[in-house]
S.K.: 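Next up is a structure, given as structure tokens.
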Amino acid sequence: MAARHVKIIGPPGSGKGTQAMLVAEQLELRHLSTGDLLREAVSDGTELGQKAEEYMKAGLLVPDEIMLGLIREQLDVLEGGGWILDGFPRTLPQAETLAELLESKGLAIDMVLLIDVESEEIVGRLTSRRVCGDCKAVFNLSMLAEGDESACEKCGGKLITRPDDREETVRRRLKVYEEQTAPVLDFYRKSTGVTEVAGSGDIDEITAEIIRVMRG
Ligand code: AMP
């Protein structure tokens, strides 16, 4: 049977968010991204957003107690059908707590997908990423017409660099990823198992490969 309770993991800029969104759409799963939930909270100026903003801007992880509160709020969603978790859990305490919360509902993650991309490719990808300040569409400098690199092709809004996409912040995020995520991967290697998918190349081909792997 196809995996329906999936966690996607990979370095920042590996395309895990884009892939989680595409795969969720095609397989009718919920896409739960803690990064998206936090960015929404920041732009809405909620208490959670105010607590999280400084960590996010600095490329650091938001503390576990804040993240665990957020994921407890999403438990109803997790009970309700198939899903792909994107960006959570990112630390060992998060992974352990999530496993307990799921178990209390008779659930478990049935597949962990690791999207594999080399660090230097990631630095190049993220430092050339631009986001529309209005409609949030995401572009890469290489996709934009020369001389027209500051306006969104979709809505005309101003394109900006995400504060956490500056080079030194990207390098810090990669280091944080390696340090914090290694124990999370070990945890899943010992329990669910970890399936690697190459994350370089054509976006649609990577989506197709992920779906093939999920169908087993
Ligand atoms: P992402 O979009 O998944 O790269 O997340 C963007 C930022 O949100 C990260 O760099 C962290 O600051 C924060 N964040 C997202 N998910 C988590 C998490 N599970 N634990 C801690 N911080 C997180």
Side-chain angles (χ1 to χ4, degrees), residues 6-24 30-75 77-78 83-102 109 112-117 119 121-123 125-132 136-140 160-185 187-188 199:
V6 176
K7 171 182 165 49
I8 194 160
I9 191 167
S14 59
K16 66 180 164 48
T18 305
Q19 289 301 338
M21 186 185 74
L22 292 169
V23 171
R30 288 293 294 265
H31 171 207
L32 256 180
S33 156
T34 45
D36 286 351
L37 290 173
L38 289 171
R39 278 185 287 278
E40 212 176 285
V42 170
S43 78
D44 291 348
T46 65
E47 197 186 330
L48 167 70
Q50 287 170 20
K51 283 186 192 156
E53 188 172 15
E54 290 308 309
Y55 296 99
M56 295 172 75
K57 268 200 202 147
L60 298 172
L61 291 188
V62 174
D64 281 342
E65 63 271 21
I66 298 178
M67 296 311 299
L68 292 174
L70 181 66
I71 211 68
R72 281 199 181 91
E73 284 170 16
Q74 299 293 321
L75 209 56
V77 175
L78 297 180
W83 34 257
I84 302 187
L85 294 181
D86 162 17
F88 186 94
R90 261 198 175 70
T91 66
L92 189 55
Q94 290 180 13
E96 288 170 344
T97 308
L98 178 67
E100 282 165 22
L101 287 173
L102 289 175
I109 289 176
V112 175
L113 287 168
L114 171 63
I115 310 293
D116 194 25
V117 182
S119 295
E121 183 176 339
I122 285 172
V123 174
R125 278 189 194 184
L126 289 188
T127 52
S128 57
R129 178 160 74 176
R130 297 293 179 272
V131 184
C132 175
K136 313 292 175 213
V138 179
F139 300 91
N140 187 285
I160 52 169
T161 305
R162 250 169 65 170
D164 54 353
D165 281 347
R166 296 179 213 288
E167 179 166 347
E168 58 173 81
T169 315
V170 168
R171 292 198 184 274
R172 185 178 317 136
R173 285 166 67 200
L174 282 171
K175 194 158 171 273
V176 167
Y177 168 80
E178 274 155 29
E179 285 168 6
Q180 307 261 16
T181 315
V184 176
L185 283 174
F187 175 87
Y188 287 116

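Counting starts at 1 for both ligands and their atoms, following the listed order.
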S.K.: Just by distance, with hydrogens left out, do S128 and N140 show a side-chain donor and acceptor under 3.5 Å apart?
M.R.: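 Short answer, yes.
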
S.K.: Partners of K175 by side chain to side chain donor-acceptor pair (under 3.5 Å), sequence neighbours excluded?
M.R.: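 Here the qualifying residues are E179.
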
S.K.: Which one of D165, T161, T169 satisfies the side-chain contact (heavy atoms from CB on, under 4.5 Å) criterion with L126?
M.R.: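 Looking at D165, T161, T169, the match for L126 under the side-chain contact (heavy atoms from CB on, under 4.5 Å) is D165.
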
S.K.: How many angstroms lie between OG1 in T18 and NE2 in H31, if you round to the nearest 0.5 Å?
M.R.: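 Separation between the atoms: 8.5 Å.
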
S.K.: What are the distances between nitrogen or oxygen atoms of ligand 1 and protein nitrogen or oxygen atoms, counting only those under 3.5 Å?
M.R.:
unit_1	atom_1	unit_2	atom_2	d
ligand 1	2 (O)	R39	NH1	3.0
ligand 1	2 (O)	R39	NH2	3.0
ligand 1	3 (O)	K16	NZ	3.4
ligand 1	3 (O)	R90	NH1	3.2
ligand 1	3 (O)	R90	NH2	3.0
ligand 1	4 (O)	R90	NH2	3.1
ligand 1	5 (O)	R90	NH2	3.4
ligand 1	12 (O)	L60	O	2.6
ligand 1	16 (N)	T34	OG1	2.8
ligand 1	16 (N)	G87	O	3.3
ligand 1	16 (N)	R90	NH1	3.0
ligand 1	19 (N)	G87	O	2.8
ligand 1	19 (N)	Q94	OE1	3.1
ligand 1	20 (N)	Q94	NE2	3.0
ligand 1	22 (N)	V62	N	3.0

S.K.: Between side-chain atoms of residues 94-101 and protein atoms elsewhere (two or more places apart, or another chain), which donor-acceptor pairs fall under 3.5 Å?
M.R.:
unit_1	atom_1	unit_2	atom_2	d
Q94	OE1	R90	N	2.8
Q94	NE2	D64	OD1	3.0
T97	OG1	P93	O	2.8

S.K.: Run the side-chain donor-acceptor check on residues 47-63: report pairs under 3.5 Å with partners two or more places apart or on a different chain.
M.R.:
unit_1	atom_1	unit_2	atom_2	d
Q50	NE2	G45	O	3.1

